[in-house]
Amino acid sequence: MSRLLHRGDAPPVPVRELTAVSADGSRIHVELHGPDDAPAVVLAHGWTCNTHFWAAQVRALAADHRVVVYDQRGHGRTPEPVNGVYSTKALADDLEAVLRATLAPGRKAVLAGHSMGGMTLMAAAGREAVREHGAAVLLCSTGSARLTAESTVLPIRAGALRTRLTAAVLGARAPLGPVTAVSKSVLKYATMGRGSSPERVDICARIVHACPRGARVAWGRVLAGLDLQAGVRELRLPTAVIAGTEDRLTPPVHARAIEAALPHSLGLTELTGMGHMTPVEAPEVVTAGLRRLAERYVTVKGAAQAVSEEEVA
């Protein structure tokens with residue numbers, strides 16, 4: 001088995017890379033880290049991010065977990081979709097393709113998503129592959145509906161004007177340009193807590209600014225009209241939720257609504273002073289949450305316990 005190579009904060013080198021083919025023929029870039037026979041964790045990144053967003057979790061877990069990360073369509077090393085389709089159905093299709101390509105029939109995994117990655121899990125909640133392979137879920141800094149109405153990125157009073165302007169920002173075609181001190185300051189204000197270190201701001205800026213403009217704009221428009229509340233109610237796996245108290249993109253009101261609607265909630269953790277980028281801002285907390293879920297639900301004993309709890313519920 002190949003070993004992961006680490007150098008500072010550089011993204012871990014995968015044991016294996018492959019391409020999953022989605023329902024519409026779109027090709028999804030997938031990376032596998034860690035031992036094949038270890039408990040599995042599948043990580044879905046958010047809007048304008050890529051597999052490197054999960055670097056801290058991969059480094060921490062890959063010694064004793066099989067960690068699967070993939071680039072959402074149009075992000076990272078996954079090309080734009082063959083038919084130009086960006087939709088919540090496409091998010092679900094792509095996740096199903098990744099699960100089928102990386103997990104043997106019946107093999108269970110913890111499924112985790114940040115922001116649009118969490119929305120991916122909600123969109124795919126009723127899919128056969130999620131029922132077959134999902135053992136437990138971790139939702140980080142995400143929402144199911146009313147993203148433009150609840151966002152506080154624009155510092156004006158809540159209402160129709162702020163909602164329209166926020167939707168315009170999400171779908172704006174203006175290029176982000178190079179990573180500079182000014183652009184990092186803007187990104188930090190919009191997506192991270194005030195106490196985030198310069199190093200972590202820089203990590204997020206370089207990831208976000210690398211996102212192709214076409215995918216950023218197309219997915220931004222999808223997010224502006226998002227409604228996945230039915231998907232939350234369909235997500236019947238044991239699910240934990242994490243949110244930052246200073247999240248302006250998906251404020252904690254979203255996490256609280258999701259947690260209240262989940263059929264099998266494991267609770268909500270609100271991280272004081274953290275913004276939207278919780279896996280980067282609070283990597284130890286997110287990693288510990290993934291590890292706990294894997295220990296409890298991916299082992300044979302944990303799987304039996306999960307079934308028992310569902311029967312009681």
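Each residue takes its place number in the sequence, starting with 1. Values in this document were obtained by computation on a predicted structure and should not be read as measured data.
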#### Entry: Pair Ile207-Ile203, side-chain contact (heavy atoms from CB on, under 4.5 Å): steps then yes or no
CA-CA 6 Å; Ile207 290 172; Ile203 289 170; 4.0 Å; yes

List the atom of [X], the atom of [Y], and the distance in Å for their closest heavy-atom pair.
X      : Y      : value
Leu121 : Ala112 : CD1-C, 3.7 Å
Gly273 : Thr245 : N-OG1, 2.8 Å
Ala224 : Ala167 : CB-CB, 4.2 Å

### Task
Give a yes or no answer on whether the side chain of His209 reaches the backbone of Gly177 with a donor-acceptor pair at less than 3.5 Å.
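It does hold such a pair.
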
### Task
Look at the side chain of Arg66 and the backbone N and O of Gly34, then say whether any donor-acceptor pair between them is shorter than 3.5 Å.
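Yes.
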
Just wondering, do [Y] and [X] contact through their side chains at under 4.5 Å, heavy atoms?
X      : Y      : result
Val130 : Leu237 : yes
Leu235 : Ile258 : no
Arg291 : Asp64  : yes
His75  : His29  : no
Leu293 : Leu266 : yes
Leu165 : Ile156 : yes
Val286 : Leu138 : yes
Asp93  : Arg127 : yes

### Task
Among Val41, Val67, Leu61, find the residue that satisfies the side chain to side chain contact (heavy atoms under 4.5 Å, CB included) test when tested with Val110.
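Looking at Val41, Val67, Leu61, the match for Val110 under the side chain to side chain contact (heavy atoms under 4.5 Å, CB included) is Val41.
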
#### Entry: side chain to side chain contact (heavy atoms under 4.5 Å, CB included) partner of Met116, chosen from Thr142, Leu223, Leu226, Thr88
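Among the candidates, only Leu223 passes.
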
Path from [X] to [Y] over hydrophobic side-chain contacts below 4.5 Å:
X      : Y      : answer
Leu262 : Leu268 : yes
Leu249 : Leu187 : no
Val186 : Leu176 : no
Leu95  : Leu103 : yes

For [range], which residue pairs qualify under ring pair (Phe, Tyr, Trp, His ring centres under 6.0 Å), counting only residues two or more places apart or in two chains?
range            : value
residues 77-122  : Phe53-His114, Tyr86-Trp219, His114-His276
residues 165-198 : none
residues 221-262 : none

Do any pairs count as a salt bridge (charged side-chain N to carboxylate O under 4.0 Å, His left out) and have a residue in [range], sequence neighbours left out, and if so which ones?
range            : answer
residues 272-288 : Arg200-Glu284
residues 253-263 : Arg256-Glu270
residues 110-126 : none

Can you measure from [atom1] ([X]) to [atom2] ([Y]) and round to the nearest 0.5 angstrom?
X      : Y      : atom1 : atom2 : result
Lys188 : Arg194 : NZ    : CZ    : 10.0 Å
Arg27  : Asp71  : CZ    : CG    : 14.0 Å
Ser115 : Leu147 : OG    : CG    : 8.0 Å
Asp202 : Ser196 : CG    : OG    : 12.5 Å

With sequence neighbours excluded, tell me which residues meet side-chain contact (heavy atoms from CB on, under 4.5 Å) with [X].
X      : answer
Leu18  : Arg16, Val30, Leu32, Ala101, Thr102
Ala190 : Val153
Glu132 : Arg100, Pro105

Which pairs would a plain distance check flag for residues 42-52, meaning a side-chain donor or acceptor within less than 3.5 Å of a matching protein atom at least two apart in sequence or in another chain?
residue, atom, partner, partner atom, Å
His45, NE2, Gln72, N, 2.9
Trp47, NE1, Arg216, O, 2.9
Asn50, OD1, His52, N, 2.9

### Message
Show every side-chain hydrogen bond (donor to acceptor under 3.5 Å, both in side chains) that has at least one partner inside residues 149-170, sequence neighbours left out.
### Response
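Pairs touching residues 149-170 that pass the test: Arg146-Glu150.
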
### Query
Can you name the side chain to side chain donor-acceptor pair (under 3.5 Å) partners of Asp24, sequence neighbours left out?
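Result, side chain to side chain donor-acceptor pair (under 3.5 Å) vs Asp24: Ser26, Arg73, Asn83.
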
### Task
Show your working on side-chain contact (heavy atoms from CB on, under 4.5 Å) between Val285 and Thr278 and close with a plain yes or no.
CA-CA 9 Å; Val285 176; Thr278 45; over 6 Å; no

